[in-house]
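Note that this is a predicted model, so its numbers are computed, not measured. Position 1 is the first residue of the sequence, and the numbers go up from there. Order of listing sets the numbers, starting from 1, for every ligand and every atom in it.
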Amino acid sequence: MKANDYHVTMDALVSLCKRRGFIFQTSEIYGGINGFWDYGPLGVELKRNIKACWWKSMTQLREDIVGLDSAIIMHPRVWEASGHVGNFKDPMLDCRETKGRYRADQIVVFKHKTDADALMFAFHEGTEPAASLKKAKKLTNGSALMDDYETVALLDIPLDRYSKLVGPDTNEPGTLTEPRAFNLMFKTYVGPVEESSNVAYLRPETAQGIFAQFSNVCSTIRNKVPFGIAQIGKAFRNEINPRNYTFRSREFEQMELEYFIKPGTDAEQHEYWVTERLKWYEKVGLPEGRMHRDIHSAEALAHYASACTDILYDFPFGTQELEGIAARGNFDLTQHQNASGKSMEYFDEETKEHFIPHVVEPSAGVDRIALALLCEAYREEWIPKNGGEVLTAEVGAKRAPEGYEVRTVMRFAPCIAPYKVAVLPLVKNNEELVAKARGLFERLSKRWKCFYDQNGAIGRRYRRQDEIGTPLCVTVDFETIEKDNCVTVRDRDSMEQVRLSIDELDSYISNIVDF
Ligand code: ATP
């Protein structure tokens, strides 16, 4: 499947997310602030479920990984040792005319192959060549021919040629500034005085908190290498160009594992974690067909890394990274050992060797995974009014064909769905029926996030649950109270119903919704 095979447009998804309370623009009443988002009542449940599935797979279902929750603000020397103060920079450039600001490494240039004096055209990476040619034709009085042009990286254009360069959002040449390095870390001051000795940084990743606590964790758990330390938490990057909804934000959450290994086992451990992580993605509802591995070439690796594979997903706006899995050698622990003067060595009881462990780091973004799951789950379907086959609606179609009605359904994997079960009394004006349904709702709520709804026709209530992705609807009817103590359980995806005894309900639900 390719990104453009989607049954959803970003517009439709963004609208559903706002309407149903998944994601809101932060401080919207004041006009919002670029790169920051709030998660509404449904979004917060979705995110909590993603984190819970990750945490369970890392720390509960395995004995070799423990958790940590380190502070967001750490000693600034952590970030000097890790290299972030010196190197965590992106090249940025501005357009003097439009005041647009761009990440230089994400801009490409459509340029004449031989004529050094011809105008050149800057575009966002991923722009179709046909769109580039259209602009080139417009600004060269129609003379541009596709065969005469090539696309090159902006960073390969010499500065003395910038006077011929037309920016992405203007028709004038010579308005782009030269690229300059911009550190992505947010700075703040600790204590009341704003002076350089009090500078601190909001962490741009959670990983360094793990490295800085390596010795403490080691001496408390006494695990044998290989073992891991996992952490989930907020990270902050002052991104030059936040975009694609929540995909590139300035405040986001990471789920990171540092898996400490014996030197020499890096390649096999790296491969193992790539496979493990892909299995996890499949389990939470991202199908193999839309997931990809981007294996970094030896030249593209950081000097200390021996392997790096990014896990990518086909979003409607392109194939993009959800997680990076890197074999980082012992670079981080060595840096901290050198900078702090504290030993980061591990003593292997069996071989009686002292060494600084190597590490494999699977580093995932919660918000990007949430966005991928929202994209993947969204479906518009045409349901036949009088029985027959359900059709997938055409993207952007406003109306269903004659004899069909539209249903919007979020086909979340049950383990990450915000609500697991909706409990619905068939009618609301029968006290005994309502009491039975309320009792059942309260009982199930002790184990799962449930929804109680007694308003409106039952069909409309099912549709409301479909739209927020609740996998199971349990309906209490007259037979439940008068006859058999059974309920009807409706499946969100197939819309099929089964009748079950209330006593069997917990194990039935558990089999479907638990991770
Ligand atoms: P990118 O190249 O997209 O900027 P990165 O390679 O810098 O990402 P890492 O430093 O490897 O990202 O961070 C690990 C994970 O953290 C990413 O795979 C992503 O899921 C998440 N992440 C990083 N930056 C952001 C961001 N600005 N907004 C949301 N999530 C992010």
* Give the intermediate values and the outcome of side chain to side chain donor-acceptor pair (under 3.5 Å) for residues Glu205 and Ser363. => CA-CA 9 Å; Glu205 60 171 39; Ser363 167; over 6 Å; no
* What heavy-atom pair brings Gly67 and Thr59 nearest, and what distance separates the two atoms? ->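 Nearest heavy atoms, Gly67 then Thr59: N-CG2, 4.2 Å.
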* Taking all atoms of both residues into account, what is the closest heavy-atom pair of Met146 and Ala130, and its distance? -> CE-N, 4.1 Å
Non-hydrogen side-chain atoms of [X] and [Y] separated by less than 4.5 Å:
X      : Y      : value
Glu282 : Met291 : no
Val274 : Ile295 : no
Phe214 : Val359 : no
His270 : Tyr259 : no
Leu286 : Leu373 : yes

Among all protein heavy atoms, pick out the one at the shortest distance from [atom]; state its residue, atom name and that distance to 0.1 Å.
atom                    : answer
atom 22 (N) of ligand 1 : Phe252 CE1, 3.5 Å
atom 28 (N) of ligand 1 : Ser249 N, 3.0 Å
atom 19 (C) of ligand 1 : Arg368 NH1, 3.4 Å
atom 14 (C) of ligand 1 : Ser363 OG, 3.0 Å
atom 21 (C) of ligand 1 : Gly365 CA, 3.7 Å
atom 16 (O) of ligand 1 : Gln254 NE2, 3.2 Å

Show me which atoms of ligand 1 lie under 4.0 Å from any heavy atom of [X].
X      : result
Glu323 : 18 (O)
Arg237 : 5 (P), 7 (O), 9 (P), 10 (O), 12 (O), 13 (O), 23 (C), 24 (N)
Leu322 : 18 (O), 19 (C), 20 (O)

Before signing off on this row, confirm whether [X] and ligand 1 have an N or O atom pair separated by under 3.5 Å.
X      : value
Phe247 : yes
Glu256 : no
Thr246 : no
Arg103 : no

* Pair Phe317 + Tyr245: ring centers closer than 6.0 Å ->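 Not close enough - the centres of the two rings lie 6.0 Å or further apart.
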* Do Asp514 and Lys420 meet the salt-bridge criterion of a basic N to acidic O distance under 4.0 Å? ->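 No salt bridge links Lys420 with Asp514.
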* Asked: Given Arg248, Glu205, Glu321, which one has a non-hydrogen atom that is nearest to atom 3 (O) of ligand 1?
  -> Arg248
* Test item, Asp367 contacting ligand 1 (heavy atom, 4.0 angstrom) -> no
